[in-house]
Structures are given as C-alpha cells and as structure tokens.
Amino acid sequence: MEFSELIRTGQAQAELLRGPEMPPLRGTLCVTGHHLLLSPGPQATPDLWLLLLRSVDSIEKRVAGDAGTITLRCKDLRVLQLDIEGVEATLDIARSIEALSSLESVITSFPFFYRPKGLRLGEAWHFHPPERYYKRIARETWSSPLPVPQTRAWRLSEANEDFSLCPSYPRAVIVPRAVDDDALARSARFRQGGRFPVLSYYHAPRGTVLLRSSQPLTGRQKLRCAEDEELLRAVLAEARPGARGFIVDTRSAQAAKQARMTGGGTEAKAAYPGWKRLHRPLEREGACILVHGAEGTDSTLLVTSLAQLILDPLSRTMAGFQELIEREWIQAGHPFQLRCAHSAFSHTRPKHEAPIFLLFLDCVWQLGRQFPLSLEFGEGMLLALFDHSYASPFGTFLCNSEKERCLCEVRTRTHSLWSGLNQPKEQRKLRNPLYVPNPLAIWPSVEPQSLRLWQGLFLRWTHPPEPSEVAWEKVWQIATDQKTEGSQPTDSASEPQP
Amino acid sequence: MEHIRTTKVEQVKLLDRFSTSNKSLTGTLYLTATHLLFIDSHQKETWILHHHIALVEKLALTTSGCPLVIQCKNFRTVHFIVPRERDCHDIYNSLLQLSKQAKYEDLYAFSYNPKQNDSERLRGWQLVDLAEEYKRMGVPNSNWQLSDANRDYKICETYPRELYVPRIASKPIIVGSSKFRSKGRFPVLSYYHQNKEAAICRCSQPLSGFSARCLEDEHLLQAISKANPANRYMYVMDTRPRHRMQSWWATQKDIGRIILNAMANRAAGKGYENEDNYSNIRFQFVGIENIHVMRSSLQKLLEVNGTKGLSVSDFYSGLENAGWLRHIKAVMDAAIFLAKAIMVENASVLVHCSDGWDRTSQVCSLGSLLLDPYYRTIRGFMVLIEKDWISFGHKYSERCGHLDGDPKEVSPVFTQFLECVWHLTEQFPQAFEFNEAFLLQIHEHIHSCQFGNFIGNCQKEREELKLKEKTYSLWPFLLDDQEKYVNPLYSSTSQKPAVLEPNTVAFHFKFWRNMYHQFDRTLHPRQSVFNIIMNMNEQNKQLQKDVKDLES
C-alpha cells in the first residue's frame, strides 16, 4: 500500500500528555496508515490509545539533547504533547504524521477501511431525504385543514438525475408542480452554481413554505429570467390566496450590491410581484420565504435548518434531527470536505475552510439551553457531530456533494455515521434524558444576555468536567428511574433490569 | 395613608422592556399602603412592594400618555404608561414618599401579619440558635471560651453579646485590644475548624493614628495563634487592595515586627531558636474594593443589561467595563485563600478590612462555606447568614437603604456574597442542598423589610427595636416552602472532598442572568430543568411508595 512510503519509522518510546486533569501515558508509539497508536508496553493492557491522523490540525516539533517533543493540535480543539526518545525517531514520526494527516484522496481515507463489528455496510444509508421528505409533505398536504388547491402544489423532480442541472444538488428535489423540468433547467442557468429555488421546508399548520437557492446572476446588465420569475410566482399562487413572499438575503445590502459587479445580484422587485427582499433575519409566519446568500451552500443552509428546528417539532427528535442534517446539509451540498479540511489551529492560510457547520451546532446548543426539554438529543450528539464532521471513521461527512459521493461510492464502501450513532450503547451519551415532545414553535431569545459560551465544546479539553458529569449522570438516573418504574414496577429492586 | 392621593388608575399600559414586538398589557393600577399592584386584562397580578422601589422616574409626556418608570432593588424594572398626566403625577409623588421611610416603625415588617400567635412567632425566631451553632463547631473547648466582656454591648456596640475568644485572653487584654481597633471590633472567633483545630477570626483595622502599638492587641493575636496547637503561624488577611493601603501597611508591619520580637525573646528564654518561629504572622492582602467602588460597579452593570437590543460585543465590553465579575472573583479568591490556609497549612486566619462588617463578612462566610458542608444545607445557610452577617453587624439597613438615609452608605455587599454562592452552585451542582430560587428569595427579602431579620444595622439596635416581639423571622417561612428551594441533584454523600476547591479561571465567572433579569421573562430559558427533575423525583418517590404499599 502507498501509505508505507509515507511512514518513516515503525515505532518509538514516548510519553503522552493529554491535559492538566489527565495522567500521562507512557509506552510504545507507532504510526500506521490512518492512526497514531500508543500501547502502554509489554504488559499490554487493553487500553490502547488511538488517534485518527485525520484529526490532526497542526503539528509542531522540537528536539533537545537526545529526545524530542511533538505538539499535536487537533481539529476537535484538543492539544496533545508527545515526548519521544531519540531525535531521529521524533523527526521521522513528525514527518509521517504531517504527510498522512494531510492526504487529500477521499477513497484512501479511513472510512473506506473501517469495518467495525456489529455494523453492516449499507446500513442506515437507506435515508433518501428528499424522497422521504416529499412523502411526508404529501401526507401533510392531504391532511391539511387548508383548502384543496394547494394540496397537490409540489412535486418531486428528478431533473437533476445526472447532476447536470446543479452539481451540488441531490438527484431529486421538490419544486412547484406548475413548473416543468425545462423551466427548472433554465432557472438553474440563471442561478449561481445552478442552485435554482427548491423547497426546503413545508410548514403544514399554515400551508406556507421555506425555499432556498443561490443568488440570481443578474449582473451589471440586470438580466432577468422568465422561468425563474415564473417559479416564484407559482409558489405564491399555490400557497394561501393573497399570500406574500419574502426573499431573505443573508448578505448585507452592501455586499449584495457588490455581488452584481461579479455577475451575481438580487431579484429585481418589479420582476417578482408579491415578493419583498430583506437583508436581515426575519421571523414571520403566514408568508412564504426564499432564503439565499451568494452560493447558497453556507449561511443559506444555516438559516433554513435553524428555522426548521424552531418551527418543526419532528426535526427536534433524534431521528428527525439526523434527517434534517442529512437533507439540509449533506444532500443540500454543504461542501464539508472543503470547509472542514482544517479547524482553528491550522497554520496554513484558510482557502475554503470555515466553521459554518460548527456555527449551526452552536446555535442548536443555544436553542437547547433555552428549551432544555424540547430537543430529544443532548449536547453529546452535537459534540459527536462536530468531531465527525472534521475527522471520522464513518463516510457520512465525506466529499462536498452528492455527486462526488456517488463517484466515490461512499454509500456502498463506507459505514454511515447514523448507523454508528444509533447503536444502543451510544444512546446515553447522545440523548437528552429530559426530552418531552413539544408541539409548539420554540422561539429563542437572541439578546446577548441569553447567549452563552458553549463551554462543553470550547473548553472540553481544558476544564475538568467532573462535577457536571456526575450531576448529568444523576439526572439520567432520575429520568430513567421514572421511565422504568412508570412502566413496570418490579418486586425486587436488586434484580438487574434487562 | 396620608401619602396616597389616587388609589386606582384604569387603562394603564405595562410595557415589557425586552419584548421585540413592543407589546403591552393594559390593566388597572392600584396603590395600597404597602404595595403597588397592577392587574392586567388576563387577571394576572404584578405586585411591587414599596420598599423594593429604588428609583421612580416620570418621563416626558407622549401621545399615548405619561410614562412612569420604576426600578426596584430586586432588579425588576417596570415601565407604565398612565393615560392622564395628573394621575401619573399623583402616583409618582406617593411612591416617592412611600418608598423612602424615615422611621423603622414605618417599615412593612411592623405591620406584616401572617396570622401566627406569639408562641409561633417566638419559635420562628428560635429556629436559628447561634449558641447551638458554636457548640456544633466544637467551642467552647480547652482553647476557646465564651467571653462575657460584651454582654452589655459595653466594649463593642456593633458586635453580638456572646463572643468566643482564646481561653488565655483575659478581659483586660480584650478591652485593651478593642480600644486599638476601629469601632471597638477586636479579634474574635468566626469559625472553628474542629479537625484542624484552626480558627477563622475577624476584627476591624487597627487605629494606627491612635498609637503605634498596643500590647494588649499583640497579646490577643498571640493568644489566637497559640490557641491553634497544630500551627503557631497565623495569617492576618487584609481584604483591602494593597495600593490603597500603602501608608497603613507600614504600621501593620510594625506590629508584626513587635510581635516577632516578643516571640523571639520568649523562644530564646525557652532555649530553642528555630528561625521559622520568628515569622509567626504573615500578612496577606487580597484586593477587594470598597463599598463605593462596588456600588458604582453595580450601577454600570445595570445600565448595560438594561439596554435593549445590544450587540453581543457591546454587551460583553459593557460587562467588562462594569468590573462586576472582577469584583466577584476578588471575593472568591479571598475565600479560597482563607480555606487553603486552614486546610493545607492548618493555620488560623484573622480577617479584617476597615470596619470589619462588609468585606470581612463576605470572606469569613464564604470561606466557612467552602470548608464546611453544613453551611451548604438549607438550614446551615440560614445559620451562616445569621452568624457572619446579622450578628456581627453587617449594616443591612444602611447597605440596602431601608430608610431614607445617606445614599453613599448603600452598597450591594450582600448581593455579591449571594452571587459568589451562586457561582459555587454552578461549579458544584451537587454540593448544595438549596437551589438558585433560594438565593433569589433571600435577596428579595433583604430589601423587602417584610421580616425582621435584616432590619437594623446591628444586634443592639435590633433589640432596641424589639424586632423579636414586633416582627416575624424569615427562616420558618422559607422552611415551610422548602420543596421550592431544594436542589434535586443534591447529594450529601457525593461530597467526598468536603472542602470545595472552586476553579477561578476567568471563564468561570458568568453573568447571573437569573438574578439581574429575574423579572424579564422573555430573556429566560422557557423551560426549567429544575422543575422537571423535581417533578420526576416526586413521582419516583410516589411510585416507590406505591410499590412498597403493594408489596406489604
């Protein structure tokens, strides 16, 4: 295998320091194709320390006398220090880590080799988010209390089957029934990256919708596109009579104006009757909303996915949240590979890197703090998503779009993160023991007094978690006591429950 | 009541200061002898005690009416719009009068009647018994005794009658020392650590202008250090910032030197000359600012958090400029130093500031709380407040502005103490029997003047006011409502290290939203974890009981 060329040395004796609260580990250090291993020595205790090389963000080496020190700063914000015997060994190990942690090839990455016990390939890849979501909308529109015309307003289009309309969209998207595939193709040409307006969320209680797209390519000549205008007109026509639309531009007005110089731009008011453009976030029920920034793959997704968490109780369940991330981030073409190539500690100048997904997770965490009973998943789930989006043995966050994932055969050759997370043994870490389904919208407060530093993430490795973890354990205990007792009072408390 | 002209105004609007939609509630405003009451169209009642009002402002007339803004000491801010200016003016004038009483006898506690008979009232007052508390600590013992020197408040008016001092300190020494200390507040025992045999003592500053030295005071300090068999070194902790104390520092050093010499002489006479014994007193400054700095810091904090629609960076820079959290950290650091001196070095510590009733109370009480799990229970916390704050003469009436007095005497010293405790509950979620609501409720009542505990400035004054006959004690009422204040995660067994060692890295000091925005409902988490856990706990208990019943 080609990895062997990159591995300069087999092994060395080393001591690992993991932070102020953890005891140092001593043993034999070893670099493999995807991992850094430290085995505690010949008496071989089972606790082998393992680090995925992909999670190394930056590496620093120093040598003094006949020993060396390597400092690893990881993408999950952890800082590790390795004290290694031997100058040569130190330099060799450092070079090997450097080379192996920055490999760009997707198909040689660890998820293509990871074969955990108890999981089957192809499991939990059964999500076909747009299709599933379309079925849900179809169900909801049929049972909707609103007048009949809009029930058949939407259709699942496979115009992007071969990714020719839009390389960053999935094969199937949800669009107004009144607009045919040819019109979609023309609208796609009018939008940056081919990201024509598609349905993101259907708000059944009001019969209104949330759409997303990229910016229109109006440019300096203020170009127009009849099909694009028709598409948005169709949205309003199918919604409630007299419904109004808002176009939320996530950029500042200034930035949007500047975009015109480079061929981008905004929708002209006259061309889109009934739609009003805004450059600031707005919460309003009873109106249809189109969200876009420039490319429509970053802040656009942030806004649409957060809006769904606020409005849609289903997206706040464990399964619903996974589906939301799969549909609104992964399938919607957030370029994870580019955005998460490096994290905070990297020395290289960022090109495409940006912590957009982390920003989303932080927002969800703030939401969870303000509504501690309304999310079925807990902080552990958000931390896991953060870790896996930057470096993971699973294939879920690989590549930048569905098209790339198809080319790399990610679905058939790697395991899905969801199948990993949905194993019973993981649940205690990921779930919120206090969850009570809440059918209402959860409107958070955005005053600065209501926002907090996410200590669980940003101070995870510097801060002894003990008291709060013990307290959390107690909360779990109280909550599970309640559930088990509530359902089946047993006669002997000492008998272990299955 | 002679101050009330208008008792009822209709069609008054109540604005929410943080609501984004500028929604208002319309209702009727009532003015009673003790409260301002607003009942909105949903029959929801908002009661504001006159004693809680810190500031009433009448703003310029608008088209919708006359705005009346009321800021309360419990950090409630209400914004009314009264349709007619004349009504607004009447209410404004009445509130100005009613919120500032001239005499103690006009405070709410003297008219508050919870329908208890005299024996119930008396039992309420006996709930916290400080003699019992000293017994629990393990005094009197072979080294410490109860002194009757202040039995008639002759030596120190602001101390309680019963004081514990080293057994070898004779009455002339105590009297001599008290003359050398500001307001006669000589060194006495605040907390005795039974295992370590070390003591926390408290006093006021020495009167350096009076005399360069005072032999009796030196003897008393020696007696304190001798009362600790485990360690003859002792700390003298000055809670004031060093830079303010430069001149005073010189005289303190002198005292140290004199005592040193005395010790050296004695040691020589006994025939051993261990150099370490020479420095049996160590001075430590901890840098807590004075009441005026604290008052203006809180003022700045309230200005920042009262501003609507602040950007995140403006909020944080405002928080930083207010300096409030820096002051909280200074108090915490001092308490940690105190606890460590006792736990790690087995050393006794004498704490003082200027008069020994503000910063000294903060540090002694918080230090004891770190050391002794008893003070982290509901009852123990009441005892702690009675001991280190009420009995040792923290001037509640002046600091809380109960009466119309000198505004320069008002300062949020006790609020800071509660905030320090809240920070500890955040770091140690299982170490406290009580929850945040308990702290908020106590804060409510230091200003409410509904109960007698916090009225007056020292025990002598309280006795003169006959508070135990004329008013009620707060504590039994809090105990009656105990289930509201219990921390469902409390675990007395999980306190393996009984001593709390808080982390004081800067990021642990957070803005206490639930205190400063307790009435701004829109800024809060909309769901309470505590409530649901408490309910679950209750249900669990009920189910367990059911199971038992079924089995038997």
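Computed over heavy atoms, backbone and side chain alike; hydrogens, waters and symmetry mates excluded. Reminder, nothing fancy here: chain letters follow the sequence lines and each chain counts from 1.
Nearest heavy atom pair, residue A:Pro448 against residue B:Ser311, reads CG-O, 3.8 Å. Among all heavy-atom pairs drawn from B:Val529 and A:Pro372, the shortest one is CG2-CB, 3.3 Å. Residue A:Ile478 comes nearest to B:Asn540 through the heavy atom pair O-ND2, 3.2 Å, listed as atom of the first residue, atom of the second, then distance.
Per-residue heavy-atom pair counts under 4.5 Å with chain A were compared for B:Val312, B:Val505, B:Leu523, and the maximum is reached by B:Leu523.
Counting heavy atoms from C-beta on, the side chains of B:Met536 and A:Leu434 come closer than 4.5 Å.
Heavy atoms of B:Ile532 lying under 4.5 Å from chain A belong exclusively to its side chain.
Here B:Thr522 contributes atom OG1 and A:Glu447 contributes atom CD; the two are 7.0 Å apart, rounded to the nearest 0.5 Å. Atoms OG and CZ, on A:Ser445 and B:Arg513 in that order, are 8.0 Å from each other to the nearest 0.5 Å. Rounded to the nearest 0.5 Å, atoms NZ (B:Lys510) and CD (A:Gln455) are 5.5 Å apart. Distance check, rounded to the nearest 0.5 Å: CZ of B:Phe507 to CG of A:Leu459 gives 4.5 Å.
Around CD of A:Gln427, the count of heavy atoms belonging to other residues, nucleotides or ligands within 6.0 Å exceeds 12.
Under a 3.5 Å cut-off, the side chain of A:Gln449 and the backbone N or O of B:Asn305 do form a donor-acceptor pair.
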